[in-house]
> 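After the structure tokens below, expect a handful of questions from me.
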Amino acid sequence: MSKSLNKKFHLAENIFDSPDQVPARNGYGEGVVEAGKADDNVVVLCCDLTESTRNADFKEAFPNRFIEIGIAEQNMAGIGAGLAFAGKVPFISSYATFNPGRNWDQIRVSICYSMANVKIMGAHAGISVGPDGATHQAMEDIAITRCLPNLTVIVPTDYWETKKAAIAIAKIDSPVYMRFGREKIPVITTEKTPFQIGRADTFRNGKDVTVVACGSLVYEALVAAEKLSKSGIDVRVINCHTIKPIDEKTIIKAANETGAIVTAEEHQVHGGLGNAVAEVVAKNSPVPMEYVAMMDRFGESGEPNELMQKFGLDSKGIVSAIEKVLKRK
Amino acid sequence: MSKSLNKKFHLAENIFDSPDQVPARNGYGEGVVEAGKADDNVVVLCCDLTESTRNADFKEAFPNRFIEIGIAEQNMAGIGAGLAFAGKVPFISSYATFNPGRNWDQIRVSICYSMANVKIMGAHAGISVGPDGATHQAMEDIAITRCLPNLTVIVPTDYWETKKAAIAIAKIDSPVYMRFGREKIPVITTEKTPFQIGRADTFRNGKDVTVVACGSLVYEALVAAEKLSKSGIDVRVINCHTIKPIDEKTIIKAANETGAIVTAEEHQVHGGLGNAVAEVVAKNSPVPMEYVAMMDRFGESGEPNELMQKFGLDSKGIVSAIEKVLKRK
Amino acid sequence: MWNSNTVLIILKKDNQPEGTIILAVTDTQIEYLEDMATHIREDVIIMLEKAGSGHSAGSLGTADIFSTLYFHIMKHDPKNPDWEDRDKFVLSNAHICPVLYATLAEAGYYPKKEITTLRKLGSRLQGHPHRGALPGLEASGGPLAQGISIAAGLAMSARIDEKRNRIFCMVGDGEMNEGQIWEALLFIGKNRLHNFTLIVDRNNIQIDGFTEDVMPLEPLKDKLTSFGFHVIEVDGHNIRTLIEAFDETIFEKPKVLLAHTIPGKGVDFMEFKPEWHGKPPNKEEAEKALSELEQLRSLGGKITCEHE
Amino acid sequence: MWNSNTVLIILKKDNQPEGTIILAVTDTQIEYLEDMATHIREDVIIMLEKAGSGHSAGSLGTADIFSTLYFHIMKHDPKNPDWEDRDKFVLSNAHICPVLYATLAEAGYYPKKEITTLRKLGSRLQGHPHRGALPGLEASGGPLAQGISIAAGLAMSARIDEKRNRIFCMVGDGEMNEGQIWEALLFIGKNRLHNFTLIVDRNNIQIDGFTEDVMPLEPLKDKLTSFGFHVIEVDGHNIRTLIEAFDETIFEKPKVLLAHTIPGKGVDFMEFKPEWHGKPPNKEEAEKALSELEQLRSLGGKITCEHE
Ligand SMILES: Cc1ncc(C[n+]2csc(CCOP(=O)(O)OP(=O)(O)O)c2C)c(N)n1
Ligand SMILES: Cc1ncc(C[n+]2csc(CCOP(=O)(O)OP(=O)(O)O)c2C)c(N)n1
Ligand SMILES: [Mg+2]
Ligand SMILES: [Mg+2]
């Protein structure tokens with residue numbers, strides 16, 4: 001294991017050899033059951049996608065607290081709000097393209113404006129959903145939730161973090177959006193890795209350049225950093241799992257100390273993590289930036305890894321962004 | 001009239017004395033009639049808001065090309081797409097909170113992904129809609145449209161520009177989102193002012209700092225610039241009516257030449273013009289920035305001017321942002 | 001006169017009970033409620049004139065329903081608005097909130113003098129209801145059709161917790177153009193939420209004109225029936241039949257009052273006119289309206305309202 | 001046998017014509033269409049097995065309808081897919097696009113060998129239809145209920161331009177949970193778009209199970225009637241009655257074929273099973289399915305398909 005990895009995060013030992021591969025959605029599925037055990041008020045709503053959103057275990061464990069909505073995402077958001085007003089802690093769940101995409105206005109008014117304690121779960125997020133094609137690849141969900149007042153936006157990085165996040169968000173009394181992917185991805189954190197909403201975690205120390213990443217791209221960033229360390233480039237990697245409220249302090253510090261930033265996300269370049277970081281940086285400590293993201297186009301069918309590669313959403317894409325930004329430093 | 005105003009834009013003579021006050025939506029209403037005269041394929045769809053979205057004249061002029069949808073924004077977007085596929089040029093129209101807020105998923109797939117030649121008109125945009133309160137104040141519409149591939153996003157600055165934009169967008173064969181406000185605002189351009197989709201217009205020359213503004217905030221920026229010129233601060237003002245595709249060249253030039261940028265918009269700080277400009281600047285020519293925008297909270301009831309003032313969306317707010325950014329230069 | 005224990009049981013063909021109607025209301029009560037409705041209308045006129053914008057027609061047209069609900073049907077406590085076992089009302093056609101605000105003021109949820117702050121900077125009476133801003137508001141609203149889903153969530157929560165409170169929700173007829181309404185109806189029908197009562201403000205207008213011109217809803221009763229509701233057609237201005245309809249207990253189904261109302265009811269020059277959907281009266285018009293309402297009250301009203 | 005000019009006129013009580021049924025189809029034609037449906041099913045199995053993901057049940061269940069539409073009912077020209085006066089078909093339940101792709105291939109819109117590229121990088125056969133990617137696709141799809149509005153727009157455009165082409169649209173029954181469906185039905189009903197024919201794939205399943213468990217739709221015929229449609233209940237696997245239903249001309253209303261289908265139809269081990277909604281067959285299952293289908297074809301099929 002690389003010496004630059006920040007010890008306090010107890011990352012997986014096998015991270016650069018053969019990390020375990022588990023879908024982040026499994027973490028959600030297990031986490032929401034834990035949350036349900038801890039709090040009787042936790043209820044789950046789902047729009048005819050119980051299995052693939054990983055709500056089947058919750059349904060099995062708490063049949064009376066599982067509500068089948070059918071294919072009606074707008075109604076789900078409103079019912080969620082009503083349940084929250086009556087003291088429940090509803091997790092409303094569908095694919096990220098439809099939830100928050102099909103019910104955005106309901107999330108805005110019934111949930112965010114009203115401070116309804118609803119947890120919005122966007123499954124199958126990102127292009128890695130693969131063969132289903134562009135319509136099912138949520139690449140704008142961060143943009144359309146980040147702009148909503150009162151809403152916390154979380155993009156956990158792997159199985160463990162998704163599980164911990166599901167448990168943590170059940171404990172706060174405010175609306176949350178969380179997105180996670182369908183495919184197996186490397187498990188880079190461990191049971192011991194601390195997780196705190198709103199804090200960006202510096203997984204890897206470095207002084208030449210910073211990569212601020214979220215979701216599955218954190219792993220790719222670590223791999224990119226490892227590669228570049230061989231050429232003597234010292235890359236800091238920040239896991240920015242909470243997109244909103246964003247951890248300004250950690251980002252400003254990184255800008256000041258490393259003087260260049262690359263962002264990496266499985267999302268459109270406009271409106272996502274890259275914009276969130278550019279907003280903070282330009283306002284506090286302007287440094288050159290590069291973005292690893294979807295460059296304002298729709299996705300397409302293909303295998304997840306083929307697509308991540310095609311659109312440069314991998315360690316290779318991050319390496320070239322780093323090289324580019326270093327030239328501008 | 002100030003000497004710094006860029007002559008080639010033929011701005012109104014009375015701009016700093018007593019500019020005419022006309023709602024931007026009137027420009028849309030007149031423009032869409034012109035577009036309808038020029039092209040038989042132009043049709044207008046409306047969701048039970050014919051008068052307030054200023055579609056009454058079109059309905060009167062072309063009763064067979066006006067389609068009443070009732071209160072069903074999702075259906076409107078889809079019908080618009082179908083009409084476009086059959087060769088029509090549909091303008092779909094409602095309040096900006098609902099269109100694109102209530103039909104975002106339909107706009108994404110039926111329109112943008114399919115390259116349907118639909119013009120999405122968001123009326124009553126911004127906090128200046130006033131007494132109706134937060135639910136009716138569209139402050140996130142730029143964020144949720146800017147992230148969509150294939151979509152052009154336009155925020156005209158006044159009556160004349162809205163009129164010209166309505167005519168211009170009817171002539172291009174791709175989806176467009178355009179937002180405009182309800183209230184009377186100063187008419188700062190004239191019939192002669194050139195308008196070109198995708199080009200940011202430098203209305204005022206200046207070398208110390210640049211304000212990139214859109215919509216009604218362009219006027220406020222000009223007023224702010226005029227005020228500051230008395231203290232010897234030379235402010236460039238850019239009317240960035242096309243938020244997407246953004247005029248990178250003009251913005252980079254301003255960053256290079258003035259070394260500091262303030263953005264100003266009637267929109268949330270997250271995801272709007274400020275983010276669009278920060279994205280370009282950080283990637284090309286990092287300079288200190290400040291944002292005049294809604295600071296991640298919902299609006300409230302009040303008179304338009306009271307609200308603009310309360311939330312700092314006026315020349316005073318712009319002046320203090322300029323002073324702040326200059327200190328960081 | 002029926003006393004409060006008189007119950008009419010409706011039998012199905014197989015002699016099993018299908019529902020009950022409680023016939024408990026006295027003439028004096030009816031008069032009180034009628035008078036209260038006039039008070040609410042007066043408040044609405046005053047608020048709207050002062051605000052200078054807002055929705056007249058629907059607010060006036062539904063005042064009798066609001067009076068009936070808040071002063072006879074609903075279990076609630078204005079001094080303890082968060083009482084756990086209260087009945088809950090959600091206004092899905094939230095643009096007519098002036099009538100809700102007026103009702104809450106008359107019921108004592110907040111000082112009546114605040115009604116003149118409607119739509120003004122800093123007011124708790126936002127242009128459209130903001131949950132949390134004012135006691136008694138169960139939901140925010142504005143974008144049509146959101147309230148019915150929220151109400152369904154409240155009803156579902158009561159079902160899960162085996163509570164006995166009732167959930168009431170009003171929707172506008174124009175509002176029924178929205179798909180979300182039908183999603184919610186399917187859900188409520190599926191779950192047979194008989195703690196749920198929907199009220200349709202069937203006033204036949206929406207902004208662009210008459211509903212049957214803008215987006216026809218007829219045969220509306222058939223539509224609602226086919227979505228699993230027990231439909232009661234009712235005169236939205238007849239308080240006695242409103243009470244009977246609200247009190248009728250249906251064991252197997254959610255219930256909807258298809259309430260036929262006159263938009264602008266009580267103010268002659270506003271009645272039946274779509275153009276008053278979203279317009280406030282000016283000073284002169286308000287005075288005219290108030291004098292009409294006073295006449296109405298002095299004719300029928302032997303009771304002075306204690307909240308005045 | 002009826003010849004192609006035989007017309008049955010349906011009269012209303014007042015003896016005014018309400019609609020017509022053209023009875024024009026020969027046994028040979030029916031057999032051809034049945035055989036074509038089997039070809040389509042075979043293609044579907046091949047595509048899905050190769051793709052390794054995708055939706056089996058609905059694709060197989062609607063093959064007879066697709067055969068009837070594309071090889072008998074619709075006026076269209078695979079060699080000139082943009083022909084202005086063509087009839088248009090929109091698949092709103094777009095996840096069953098394998099059946100549409102198979103049909104377009106059989107009809108000659110694109111080379112049949114491409115069917116094995118389904119869902120693969122660079123393919124024109126995207127996981128959900130992408131308008132413009134492949135000739136013959138009138139709309140993109142994926143998010144349920146969007147297609148019906150698009151189809152309504154196509155029908156409205158034809159109405160404005162006084163064209164005589166017909167617009168067909170298929171929706172799934174689970175898809176009818178979506179509010180957008182009901183918005184579109186209201187619109188189509190209002191405008192009496194009798195150039196519009198809706199087909200409901202009433203296969204009683206959606207992803208989480210049987211529709212009447214997940215989100216009940218019954219009485220569905222009443223719902224559709226109350227939204228202004230002429231409803232024809234039809235066996236979705238009986239090509240003769242399908243043709244009669246499509247050919248029945250209704251003068252005053254849009255029309256809906258409430259098509260009762262068997263999900264997975266044609267492949268014994270898939271029939272009626274919700275779990276096949278979104279699963280492809282593996283190699284072994286595909287072989288089994290293909291041999292079942294071959295048997296089916298050799299039993300009924302005297303015709304060899306020229307497109308093979
Ligand atoms: C989603 C949405 N679309 C449009 C509007 C604008 N709007 C407010 S009220 C209204 C008409 C509502 O008609 P109805 O429900 O019959 O109310 P009434 O006019 O009878 O009071 C419209 C279109 C809105 N508030 N929400
Ligand atoms: C808006 C939306 N929500 C959810 C989905 C996911 N989804 C795809 S198909 C399907 C079930 C559709 O049921 P039905 O229309 O009956 O199709 P069938 O299973 O019979 O093929 C669901 C929930 C979707 N595609 N779009
Ligand atoms: Mg009405
Ligand atoms: Mg089905």
Side-chain angles (χ1 to χ4, degrees), chain A residues 44-53 55-56 59 66-79 93-106 124 127 129-138 182-183 297-311, chain D residues 47-48 50-55 93-95 97 117-133 139-147 171-183 205-217 274-275 277-280:
Chain A
V44 169
L45 287 67
C46 192
C47 283
D48 197 26
L49 290 166
T50 304
E51 179 55 41
S52 60
T53 56
N55 283 309
K59 180 182 176 179
F66 174 81
I67 306 175
E68 172 68 74
I69 305 287
I71 313 166
E73 295 79 9
Q74 301 189 110
N75 192 37
M76 176 168 70
I79 291 177
S93 181
S94 181
Y95 294 159
T97 32
F98 313 131
N99 180 45
R102 193 63 167 260
N103 53 12
W104 186 85
D105 190 34
Q106 287 78 12
H124 284 34
I127 198 164
V129 70
D132 273 338
T135 60
H136 281 54
Q137 294 160 349
R182 175 186 195 274
E183 288 302 303
R297 58 152 287 176
F298 284 102
E300 59 182 281
S301 289
E303 288 307 311
N305 61 329
E306 287 175 342
L307 294 170
M308 298 298 274
Q309 206 181 313
K310 168 161 182 176
F311 296 108
Chain D
M47 297 168 96
L48 285 172
K50 276 278 183 307
S53 67
H55 299 76
N93 50 342
H95 58 282
C97 57
T117 66
L118 175 69
R119 290 177 160 250
K120 298 211 189 313
L121 193 68
S123 173
R124 302 197 286 177
L125 281 60
Q126 290 290 296
H128 293 81
H130 186 195
R131 187 179 189 277
S140 304
L144 292 166
Q146 294 200 18
V171 298
D173 46 4
E175 186 181 11
M176 300 195 82
N177 299 173
E178 282 287 353
Q180 187 175 355
I181 294 282
W182 305 96
E183 293 181 0
I205 65 160
Q206 55 195 111
I207 294 183
D208 279 353
F210 293 107
T211 59
E212 300 313 288
D213 297 329
V214 175
M215 187 50 68
L217 291 173
E275 58 266 34
H277 153 90
K279 220 173 63 171

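So that the names make sense, note that chain A is the first sequence line, chain B the second, and so on, each numbered from 1. In what follows, every heavy atom counts, from backbone to side chain, and hydrogens, waters and symmetry copies are set aside.
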> Is His128(D) reaching over with its side chain to a backbone N or O of Ala134(A), donor-acceptor style, under 3.5 angstrom?
no
> Under 4.5 Å from any heavy atom of chain A, what part of Gln180(D) do you find: side chain, backbone, both or neither?
side chain
> Looking at Asp208(D) and Asp48(A), what are the two nearest heavy atoms and their distance?
N-OD1, 2.6 Å
> Examine whether an atom of Ile69(A) lies under 4.5 Å from a heavy atom of chain D, and if so say whether it belongs to the side chain, the backbone or both; otherwise answer neither.
backbone
> Could you grab the distance from atom CZ of Phe98(A) to atom CD of Glu178(D), nearest 0.5 Å is fine?
8.5 Å
> Can you tell me if Lys120(D) has over 12 outside heavy atoms packed within less than 6.0 Å of its NZ?
yes
> When rounded to the nearest 0.5 angstrom, what distance separates CD in Glu68(A) from CG in Asn177(D)?
8.5 Å
> Taking Asp132(A) for its side chain and Gly127(D) for its backbone only, find out whether a donor-acceptor pair lies under 3.5 Å.
no
> Can you tell me which portion of Ser123(D) sits under 4.5 Å from chain A's heavy atoms? Options are side chain, backbone, both or neither.
neither
> Among Glu73(A), Glu51(A), Gln74(A), Glu303(A), which residue forms the greatest number of heavy-atom pairs with chain D at distances under 4.5 Å?
Glu73(A)
> Is Thr97(A) close to chain D through its backbone or its side chain, or both, or neither, when contacts mean heavy atoms under 4.5 Å?
neither
> Who among Gly179(D), Pro143(D), Gly278(D) has the most heavy-atom pairs with chain A under 4.5 Å?
Pro143(D)
> What distance separates Leu121(D) CG from Lys310(A) NZ, expressed to the nearest 0.5 Å?
5.5 Å
> In terms of heavy-atom contacts, does CD of Gln309(A) have more than 12 from other residues, nucleotides or ligands at under 6.0 Å?
no
> Could you check which of Arg119(D), Met215(D), Gln206(D) has the highest count of heavy-atom pairs closer than 4.5 Å to chain A?
Arg119(D)
> If you tally heavy-atom pairs under 4.5 Å against chain D, which of Ala56(A), Gly70(A), Cys46(A) wins?
Gly70(A)
> Once you round to the nearest 0.5 Å, how far does CG of Leu125(D) lie from OG of Ser301(A)?
9.0 Å
